[in-house]
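Structure, as structure tokens:
We name chains A, B, ... by the order of the sequence lines, and we start the count at 1 in each one.
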Amino acid sequence: MEAIIIGILKSAIRLATPYLYASIGETIGQLSGVLNLGVDGVMLMGAFSAFYTVLKTGNLWLGLLAAIVVGAIFGLLIAFINVTLKAEQGISGIGVYIFGLGLSSLLFSTMVGTVQTVSGFPPLSIPLFSNIPIMGEIFFRQNILVYGAFALVPISWFILNKTPLGLSIRAVGQHPEAADSLGVNIVRIRYLTVIFGGILSGIAGASLSIALLNVFQQNLTNGMGFIAVALVYFGAWRPLSVLTGALLFSTVNAIQIWVQVKGINIPSDFTLMLPYIVTIVVLAAMAKRRIHPPAALNKPFERGE
Amino acid sequence: MMKLKKIIVILTLISIFVLSLGFGASAKPFRVAFIMPSNINDFAWSQSMYEALLTIQEEMGKENFEFVYSESMFIVTDAAAAIRDYASEGYDLVIAHGSQYGASLTDIAPDFPNTSFAWGSTANVFSDLGITNIFAYEPLAEQGGYVNGALAAKLSESNIYGVIGPIETGDAKRYTEGFKAGIKSIKPDAKINVTWIGSYSDVALASEAAQTHIDAGADVLTGTSQMTVGAIGVAKQRGALWFGYDVDQSALAPQNVISSVDVVWAIALRPMIEMIQKGERGGKIFTLNLANGGLKIIVNDEAFVGKTIEDIVKGNIEVKVEK
């Protein structure tokens with residue numbers, strides 16, 4: 001039983017990793033008032049660029065850098081469309097998703113041609129911590145991108161809640177007019193958050209293609225980016241709650257795999273629904289909390305006449 | 001003079017005959033449209049059909065056989081639109097490569113009586129609906145699964161096996177049943193754990209299922225559909241053996257893939273094309289099995305020989321010589 005629980009939690013930590021990167025990035029963007037539904041497309045581009053770089057150079061860090069650069073470029077594109085051109089955010093995000101899906105598939109077909117595997121980031125035992133019974137095995141023998149995802153939670157919490165930059169980001173998303181009158185550069189803040197979100201989506205993709213799965217295939221993410229956006233709402237725009245949501249979803253997913261492996265007699269169609277059922281139940285239970293999205297979410301900023 | 005005239009007339013007749021042959025061929029090549037849920041390079045389901053079409057094209061010649069394809073048609077309504085477009089463009093045969101496309105075909109096929117449609121894996125040609133221009137194809141995947149299973153049982157040390165299937169239906173179900181039976185034929189006490197991913201394309205979940213199987217003690221993994229590349233990556237990383245399906249998957253993990261069941265769709269396509277050329281538009285089910293060459297077992301010598309040597313060195317296999 002102990003081995004199974006360790007197995008489930010280890011799986012859950014791995015499964016949660018790409019969601020954490022993408023959801024934290026999306027959280028910060030949304031807090032500044034920009035809804036980006038193109039996360040999945042940026043993840044695919046990040047996944048492909050990291051994979052291709054590692055395939056050609058064998059250098060994992062260069063692969064990660066490629067995902068960061070491509071993610072930033074996509075972030076810049078999204079910011080330009082939404083902040084400068086003031087496009088309808090929901091629709092433009094879907095456009096970015098389809099663009100990223102199509103471009104990553106095209107580049108894969110022309111530059112790689114067939115599914116191949118690479119050697120990704122190996123598990124990295126953290127000295128001392130990895131020897132703690134049970135906990136060590138679950139948390140401290142993962143690969144470096146897993147650690148990065150979990151480190152991101154307190155870092156983003158600190159930036160958002162304890163720094164002037166965080167205050168500006170939240171002000172821009174809640175009361176852009178007030179922030180503007182206090183001299184906060186709204187356009188600059190929104191570009192910053194969206195580009196940062198793009199970078200994190202890129203890393204989310206890389207965490208799949210060069211750390212967890214070590215392959216690339218067309219549509220590798222299979223819609224993960226949309227679940228990442230849902231987790232932002234689930235987590236009510238708070239990094240710690242986003243983490244809770246990601247872990248809950250991943251743990252239930254890991255449990256359903258174990259239920260099947262152990263041959264427990266529940267139809268697989270039902271076990272596969274479990275992560276989604278649990279998520280919906282929790283969301284419904286929490287509906288009472290009355291947490292509202294950032295007031296200026298989805299609204300381009302127009303300086304008052 | 002008369003002789004020369006005769007020669008000229010004969011030569012002219014011959015050249016007209018030859019030209020007409022040439023025209024006949026180039027004017028009417030056999031045209032196929034191929035709709036697939038994933039991509040031609042998925043190392044699985046779609047790639048195997050693509051390779052079959054290339055084989056047929058090589059056999060018939062490019063001037064006599066043309067084909068076009070649409071990839072990533074995982075949304076059935078998109079696929080249905082593509083099927084209808086191809087049919088209205090007058091293709092001789094439209095292949096809707098996936099069991100999810102059947103319902104769309106029953107809508108579309110009656111509108112295009114001069115086009116043939118094919119789909120699979122299935123044994124349903126909808127003759128009960130009065131439709132006459134649909135073919136079906138179905139690999140008896142359990143036969144290939146049985147061979148893979150028997151091999152797996154010989155090589156497994158832990159006697160625990162993990163199957164990562166997409167959705168419990170069609171080839172995937174047949175293959176899994178065969179794999180189990182193959183193992184049990186050698187080791188009746190084997191422990192075979194089966195997981196269904198609920199998707200043909202969720203590489204991440206397939207990968208996590210593979211991790212879980214290995215954590216649960218499996219040293220042999222297998223599975224079907226394009227999402228298994230995620231599981232093969234894990235097998236490679238953690239040193240488990242892999243048994244493949246659809247195409248030869250050994251290139252993905254040369255040390256780990258012991259054998260693959262190659263589905264040779266050309267065995268179904270050749271007679272299907274012949275029937276269409278004779279004017280029969282559908283109604284027949286083509287079965288692929290080990291007997292007709294529709295299923296082939298490709299053993300990856302590198303991994304198989306390597307594993308056998310390792311077993312002898314480690315003492316798992318004792319080679320006895322009678323004195």
Inset, instruction - Go through the atoms of A:Leu272 and report whether side chain, backbone, both or neither lie under 4.5 Å from a heavy atom of chain B. - result: side chain

Are there donor-acceptor atom pairs under 3.5 Å between chain A and chain B, and if so which?
unit_1: A:Ser11; atom_1: OG; unit_2: B:Glu208; atom_2: OE2; d: 2.7
unit_1: A:Arg14; atom_1: NE; unit_2: B:Glu208; atom_2: OE1; d: 3.2
unit_1: A:Arg14; atom_1: NE; unit_2: B:Glu208; atom_2: OE2; d: 3.1
unit_1: A:Arg14; atom_1: NH2; unit_2: B:Glu208; atom_2: OE2; d: 2.7
unit_1: A:Gly113; atom_1: O; unit_2: B:Asn41; atom_2: ND2; d: 2.6
unit_1: A:Thr117; atom_1: OG1; unit_2: B:Lys236; atom_2: NZ; d: 2.7
unit_1: A:Thr117; atom_1: OG1; unit_2: B:Leu252; atom_2: O; d: 3.0
unit_1: A:Gln217; atom_1: NE2; unit_2: B:Gln226; atom_2: O; d: 3.0
unit_1: A:Gln218; atom_1: NE2; unit_2: B:Asn41; atom_2: OD1; d: 3.4
unit_1: A:Asn222; atom_1: OD1; unit_2: B:Ser201; atom_2: OG; d: 3.0
unit_1: A:Gln260; atom_1: OE1; unit_2: B:Trp196; atom_2: N; d: 2.4
unit_1: A:Gln260; atom_1: NE2; unit_2: B:Trp196; atom_2: O; d: 3.0

Legend entry - Selection from A:Gly113, A:Gly263, A:Gly7 maximising heavy-atom pairs under 4.5 Å formed with chain B: A:Gly113

Legend entry - Residue B:Val194 versus chain A: region with a heavy atom under 4.5 Å: backbone

Inset, instruction - Counting only heavy atoms closer than 4.5 Å, note whether A:Val261 contacts chain B via side chain, backbone, both or neither. - result: both

Legend entry - Per-residue contact mode, B:Ile197 against chain A (heavy atom under 4.5 angstrom): backbone

Inset, instruction - Pick whichever of B:Ala204, B:Gly162, B:Gly230, B:Ala210 has the most heavy-atom pairs under 4.5 Å with chain A. - result: B:Ala204

Legend entry - Between B:Leu205, B:Ile232, B:Ile192, the one whose heavy-atom pairs under 4.5 Å with chain A are most numerous: B:Leu205

Legend entry - Heavy-atom proximity to chain B below 4.5 Å, by part of A:Met273: neither

